[in-house]
Q: 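Got a structure for you, written out below as structure tokens; questions coming shortly.
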Protein chains: 2
Amino acid sequence: MSHPIQTGSFQWMKSINKSAILNIIRLQGPISRSEIAKVTRLTSPTVTNIVAELLQSGLVVESDRGESTGGRKPILLKINGSAFGVIGVYAGAKKVRALAADLEGRAGEEVVLPVPPRPTKEQFVSIVQKAVHQVKEQIQKKGHPLLGIGVGMHGLVDPEQGISIYAPNLYLRDIPIASLLEEVFKVPVEVENDVRALAIGESWFGQGQGIDDFISVHVGTGVGAGIIAEGRLVHGPSFTAGEVGHTTIDARGPLCNCGNHGCLEAFVAAPAMVRRAREQLQTGVSSSLSDKLQDTADSLTGEAIFQAARAGDTFAAEILAETGRYLGIGLSNLVNLFNPRKIILSGGVIAAGPLVLDPLKQTIRERALSIPAGDVSIVPSTLGRSGRAIGAYTLVLQKLFQPQMS
Amino acid sequence: MSHPIQTGSFQWMKSINKSAILNIIRLQGPISRSEIAKVTRLTSPTVTNIVAELLQSGLVVESDRGESTGGRKPILLKINGSAFGVIGVYAGAKKVRALAADLEGRAGEEVVLPVPPRPTKEQFVSIVQKAVHQVKEQIQKKGHPLLGIGVGMHGLVDPEQGISIYAPNLYLRDIPIASLLEEVFKVPVEVENDVRALAIGESWFGQGQGIDDFISVHVGTGVGAGIIAEGRLVHGPSFTAGEVGHTTIDARGPLCNCGNHGCLEAFVAAPAMVRRAREQLQTGVSSSLSDKLQDTADSLTGEAIFQAARAGDTFAAEILAETGRYLGIGLSNLVNLFNPRKIILSGGVIAAGPLVLDPLKQTIRERALSIPAGDVSIVPSTLGRSGRAIGAYTLVLQKLFQPQMS
DNA sequence: TCCAAAATTACTTAAATTAATTAATTATCT
DNA sequence: AGATAATTAATTAATTTAAGTAATTTTGGA
């Protein structure tokens with residue numbers, strides 16, 4: 001059965017108005033009370049009252065006076081950005097990355113810890129806790145209170161319960177991350193899949209700002225997506241929505257480790273790209289990469305291909321272009337299915353820049369339907385390597401700025 | 001920029017509560033006031049007051065007394081189903097179908113009018129108007145007031161403006177259907193893409209009842225989908241979301257009339273299925289369909305293939321199975337991307353039943369990720385040929401049962 | 001000094017909640 | 001069987017929340 005029908009009470013209405021004003025201040029601030037009244041269509045006394053509560057809570061502060069337009073100067077309000085701290089953790093299969101940030105998303109130094117292969121649950125959780133501890137010090141040093149911790153976790157996550165249901169690359173199942181961290185750090189913990197957290201991060205601090213329909217696609221060891229439709233993250237009832245990596249783009253294509261044939265991931269993820277390069281090199285193509293073929297140390301990596309292409313190796317460039325074209329097919333499917341305004345690309349493969357992006361965009365122009373293809377823009381993420389950790393602390397901010405209570 | 005932030009007033013809250021109660025009565029009725037209070041978590045006086053207004057408006061009536069459980073017998077409330085009429089029109093490129101229904105979706109006799117090839121805007125609109133006129137009589141005969149008209153229109157539609165932006169199979173653009181019909185019939189008109197309207201119909205009266213995440217896929221001349229995520233229809237900013245027909249399932253596949261290669265539609269839509277059958281027959285396969293190959297009258301149709309398969313023709317059966325397998329690939333992509341609870345299939349090709357559905361389901365089991373595949377059920381629609389017209393009048397009901405004002 | 005915009009204060013109103021009351025049944029006791 | 005207690009449904013009356021309206025104060029600029 002579907003979730004219970006929404007009904008409203010006074011407190012519910014007020015919490016919505018409060019959240020609306022808080023978000024206006026965040027997005028349009030510094031802004032005056034009377035300006036808030038205009039854009040929210042609430043009356044000025046209502047705004048005054050709610051703003052008073054927000055000032056009380058410390059989330060908002062009065063800043064400078066604005067320019068007068070022939071009367072009293074407005075008092076501008078802004079988020080009390082630097083007064084509170086939040087923490088975001090990207091919990092991946094190879095690395096754990098933690099960031100401390102303030103309410104306006106200004107982050108400190110990133111802490112990166114390696115994850116050993118096949119860790120136990122306890123080992124893995126303790127690495128996460130260690131990372132959180134280290135960045136927590138940055139906040140404590142400033143004397144700011146910590147408002148919450150967000151975790152962007154590799155694999156299948158139940159964000160409602162705050163548990164990692166299945167982390168395939170760690171070979172772990174059912175880790176109750178939220179409760180484990182809440183016990184130790186005594187603050188609310190939000191957990192979400194890493195790529196979906198990234199999408200939230202994009203919508204707050206990245207290329208998704210002000211856009212209600214976009215898809216954030218991360219191409220790394222796998223290919224995942226966070227889908228934002230009408231401003232809301234799409235989860236699906238079992239929390240698996242967004243698995244672009246395992247959409248079929250060639251029914252007769254190569255075998256994927258999910259068991260299917262011709263998955264997008266089997267063409268464009270870093271390991272797949274390396275496999276394609278290796279196969280073609282073995283047929284005797286001439287390339288600066290040919291030597292690496294014999295190396296036992298697996299020196300033929302995505303990074304190596306990228307370097308070679310940059311150095312003018314046409315074979316390497318063609319491998320990247322091919323990757324772009326395949327990815328373009330997968331993204332064309334997204335464009336036709338969701339009609340997003342933007343697709344935001346991130347991950348190592350995307351770092352290759354135009355060598356991948358140009359053929360990718362070309363393919364979308366050729367293969368997607370002209371109307372949605374004309375309205376979508378394909379852009380690389382600007383959040384960099386810390387994107388998923390940024391997304392993680394954005395989970396906390398999102399919760400904080402949302403209407404409280406249901 | 002994104003749509004303005006929602007704020008609440010007293011009237012807004014009340015309209016939400018009113019709509020909530022109305023929908024509870026519709027979905028759980030006949031139901032007593034005190035039971036409504038329980039499920040909505042509103043207090044009993046609030047329910048009493050709002051119900052009084054609903055009784056006043058005529059949308060709701062008191063019916064029998066319920067069973068006592070040791071106290072006063074509850075007065076059961078229900079939707080005043082038969083007292084009002086709505087009209088739904090499926091406006092396709094070959095046929096226009098109109099239905100009159102009451103508030104509980106009980107429909108009368110369907111009116112079906114043919115559409116000539118390449119009609120002018122005026123011709124097309126007048127066919128739609130004629131169909132509406134004819135079913136309107138059914139409502140008038142009963143003396144019920146008409147509350148609105150819904151149109152499920154082939155092609156690209158702007159539901160906010162109520163215009164058909166582009167109807168490829170009619171070769172028409174920019175028809176302001178809503179205003180044209182409102183002028184004539186003096187009632188509100190809702191316009192939506194036919195397949196998306198069907199999805200709304202499924203969620204009210206079909207296989208989508210009580211399900212918040214499902215996809216309605218219609219396989220006919222083309223392949224389209226209506227996507228319901230968290231109870232909301234996904235449109236996309238240019239209203240093109242749901243174009244499964246033009247997702248690539250085989251990068252090296254046959255040319256589609258959209259200009260792309262290997263679209264799902266180029267494998268499974270009725271014309272594509274016929275093309276595949278023809279190609280294989282020409283290589284000299286033995287089949288009861290072989291004779292039809294020479295017919296000038298295009299007697300080799302989807303229907304003919306279906307008939308032959310039913311009569312035991314193994315070639316025809318294999319064509320259908322192949323169609324099911326291809327469709328299964330396309331649907332596996334939907335399963336991985338959206339993680340829906342259900343996929344509801346409709347249209348001529350699906351009418352072939354298990355001959356198509358069994359290989360289709362098998363393919364999804366094989367190709368989609370196990371978690372979402374395990375949670376999705378693939379079912380044929382139960383709405384039949386009138387599905388899209390049912391969806392069309394459901395647009396009116398949906399509007400009527402929604403909170404008024406924003 | 002006066003005007004105009006910003007912000008606040010005082011008052012009114014809408015609509016929910018709480019508390020009390022009435023209505024209608026069923027169960028129980030004599 | 002009839003009286004009465006218990007229970008649930010529904011309404012009425014009173015209270016409270018929080019928004020809206022109108023009036024007032026504050027403040028800067030002309």
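Each chain gets a letter, A, B and so on, in the order its sequence line appears, and its residues count up from 1.
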Q: Considering only side-chain heavy atoms of A:Thr43, which listed nucleotide, D:dT21, C:dA16, D:dT8, is closest?
A: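 Minimum distance to the A:Thr43 side chain belongs to D:dT21.
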
Q: From CG of B:Leu42 over to C1' of C:dA16, roughly how many Å is that when rounded to an integer?
A: 9 Å

Q: Tell me what B:Thr46 touches on the nucleic acid: a base, only sugar-phosphate, or nothing, going by heavy atoms under 4.0 Å.
A: base

Q: Considering only side-chain heavy atoms of A:Lys14, which listed nucleotide, D:dA18, C:dA15, D:dG28, is closest?
A: D:dA18

Q: Below 6.0 angstrom between ring centroids: does that apply to B:Phe338 and A:Phe338?
A: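 Yes.
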
Q: Select one nucleotide: of C:dT17, D:dA10, D:dG28, the one nearest the side-chain heavy atoms of A:Lys73.
A: D:dG28

Q: Hey, which of these two, A:Gly71 or A:Ser32, hits DNA chain C nearer its 5' end, going by closest nucleotide?
A: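 Result of the comparison: A:Gly71.
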
Q: Where the side chain of A:Ser44 is concerned, which of D:dA10, C:dA5, C:dT8 is the nearest nucleotide?
A: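 Given the options D:dA10, C:dA5, C:dT8, the side chain of A:Ser44 is closest to C:dT8.
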
Q: To the closest 0.5 Å, what do you measure between CD1 (B:Ile21) and OG1 (B:Thr40)?
A: 5.5 Å

Q: Pairing donors with acceptors under 3.5 angstrom, does anything connect the side chains of B:Asp102 and B:Ser82?
A: no

Q: If you pin A:Phe10 and A:Leu76 to their nearest nucleotides in DNA chain C, which one's is more 5'?
A: A:Leu76

Q: Quiz question: going by heavy-atom distance under 3.5 Å, is there a donor-acceptor pair between the base of D:dA9 and the side chain of B:Arg72?
A: yes

Q: Of all the nucleotides listed (C:dA16, C:dA7, D:dG28), which has the minimum atom distance to the side chain of A:Ser9?
A: C:dA16

Q: Whole angstrom is fine here: how far is it from CH2 in A:Trp12 over to C1' in D:dA19?
A: 14 Å

Q: Here's a test of your reading of the structure: between A:Arg41 and B:Asn49, which maps to the more 5' nucleotide of DNA chain D?
A: B:Asn49

Q: Taking the minimum atom-to-atom distance to the side chain of B:Ile75, which one of D:dA9, D:dA10, C:dT8 wins?
A: D:dA10

Q: Closest approach to the side chain of A:Ser68, judged atom by atom: which nucleotide of D:dA18, D:dG29, C:dT17 is it?
A: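 Comparing D:dA18, D:dG29, C:dT17 against the side chain of A:Ser68, the answer is D:dG29.
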
